[in-house]
Protein chains: 2
Amino acid sequence: MSNREDTKPDRISEAEYAVMEVLWDKSPLTAADVCDEVSKARGWSLATVKTLLGRLANKGAVETRPDGRRFLYSPIIARVEYVDGESRRLVDRLFGGRASSLFAHLAENEALSDKDISEIEALLQEIKQ
Amino acid sequence: MSNREDTKPDRISEAEYAVMEVLWDKSPLTAADVCDEVSKARGWSLATVKTLLGRLANKGAVETRPDGRRFLYSPIIARVEYVDGESRRLVDRLFGGRASSLFAHLAENEALSDKDISEIEALLQEIKQ
DNA sequence: TCTTAATGTTTACGTCCGTAATCGTAATGT
DNA sequence: ACATTACGATTACGGACGTAAACATTAAGA
């Protein structure tokens, strides 16, 4: 058994994330619907998708609501929550917890286009209002 | 066998990263020295450290230079290279490849302190020189 | 009613990871 | 010369992951 509402949440794996993405985009969905969607990107079998949905349910990441003889799946954790966790992990692990270091790194390594930079400038203005 | 100078580089795992960190800080080092250093943070046995060094050598992430009957280990891939790869992975996976989206996310979620923001402003000025 | 299709559950299996013990060999101390 | 030590290499082992087949159940069609 995985953890259930007391321990720290299990991490969502790469493959599981692909499933979450379709549920974040639209939910609730049946397993078959999720499979259809996710198969556009990865070419998984229905069996695989069902395994992933089951694991996500165990991890408390998705919720299952019975609909006749089948289930409708919906995300429990929000996308922003997940994205935030992952971002923070990266910043903590590689940049000593300093987000500005991440930013500096991106800037130095040409990872920021001119467009990125002007967008960020605009955001900064907004933040400081 | 892992990949050897033709395939895409194997990823460096979490535990392996801890070993790389000490080598990035100072190198070359013997396995025992790496163990001493890394044991400050994680409490690994020498055996574990040797396993990790071996795996890193196979992955082509560290280089071994014989020194008498033992090896001196040095990083092959640079820290900035690794950090850049990981950062890009995050941006690609979660932000559709747009670094400014990552920035926006951090800004919206209070992950940026006032200090972060002023540092970033300064960086922006510098970039645009 | 009997077969078939749909769906969740269980089991499978190779790989990677974290963590380490064991083995083989060579050096070093006595 | 022999025992001990220091290393690298090999093997181990449980858990997570990616990927999926097999199984059980139940609804629906013939």
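Chain letters run A, B, ... following the sequence lines, proteins first, then strands; residues in each count from 1.
- The phosphate of D:dA20 has OP1 or OP2 within less than 4.0 Å of a side-chain N or O from A:T48.
- Aromatic ring orientation, A:Y82 versus A:Y17: parallel (interplanar angle below 30°, classes split at 30° and 60°).
- Note: CZ (B:R11) to P (C:dC16) measures 13 Å, nearest angstrom.
- Between B:R11 and B:E16, the shortest heavy-atom distance links the atoms O-OE1, 3.9 Å.
- Nucleotide D:dG15 holds its C1' atom 12 Å from the CG atom of A:D10, rounded to whole Å.
- Dashed line: the shortest gap from a side-chain N or O of B:T64 to OP1 or OP2 of D:dG8 is not under 4.0 Å.
- Note on B:D67 versus B:R70: salt bridge recorded, some NZ/NE/NH1/NH2 to OD/OE distance being below 4.0 Å.
- Put simply, CH2 on A:W44 is 17 Å from C1' on D:dA21, counting in whole angstrom units.
- With rounding to whole Å, A:R42 atom CZ is found 6 Å from D:dT19 atom P.
- When the C1' atom of C:dT19 is taken as reference, atom CD of B:E14 falls 14 Å away, rounded to whole Å.
- Distance, A:L29 CG to C:dA6 C1': 17 Å, rounded to whole Å.
- Nearest approach of A:W44 to A:S39, heavy atoms of both residues: O-OG, 3.1 Å.
- By the 4.5 Å heavy-atom criterion applied to side chains, A:S74 and A:V62 are not counted as neighbours.
- Nucleotide C:dC16 holds its P atom 11 Å from the CD atom of B:E16, rounded to whole Å.
- Atom CG of B:L56 is separated from atom C1' of C:dC16 by 14 Å (rounded to the nearest Å).
- For the side-chain contact (heavy atoms from CB on, under 4.5 Å) test, residues two or more places apart in sequence or in another chain that qualify with B:I117 are A:L124, A:I127, B:L112.
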Exercise. Going 5' to 3' through nucleotides 7-12 of chain C, assign each nucleotide B (protein heavy atom under 4.0 Å from a base atom), S (under 4.0 Å only from sugar-phosphate atoms) or - (no protein heavy atom that close).
Key: SB---B
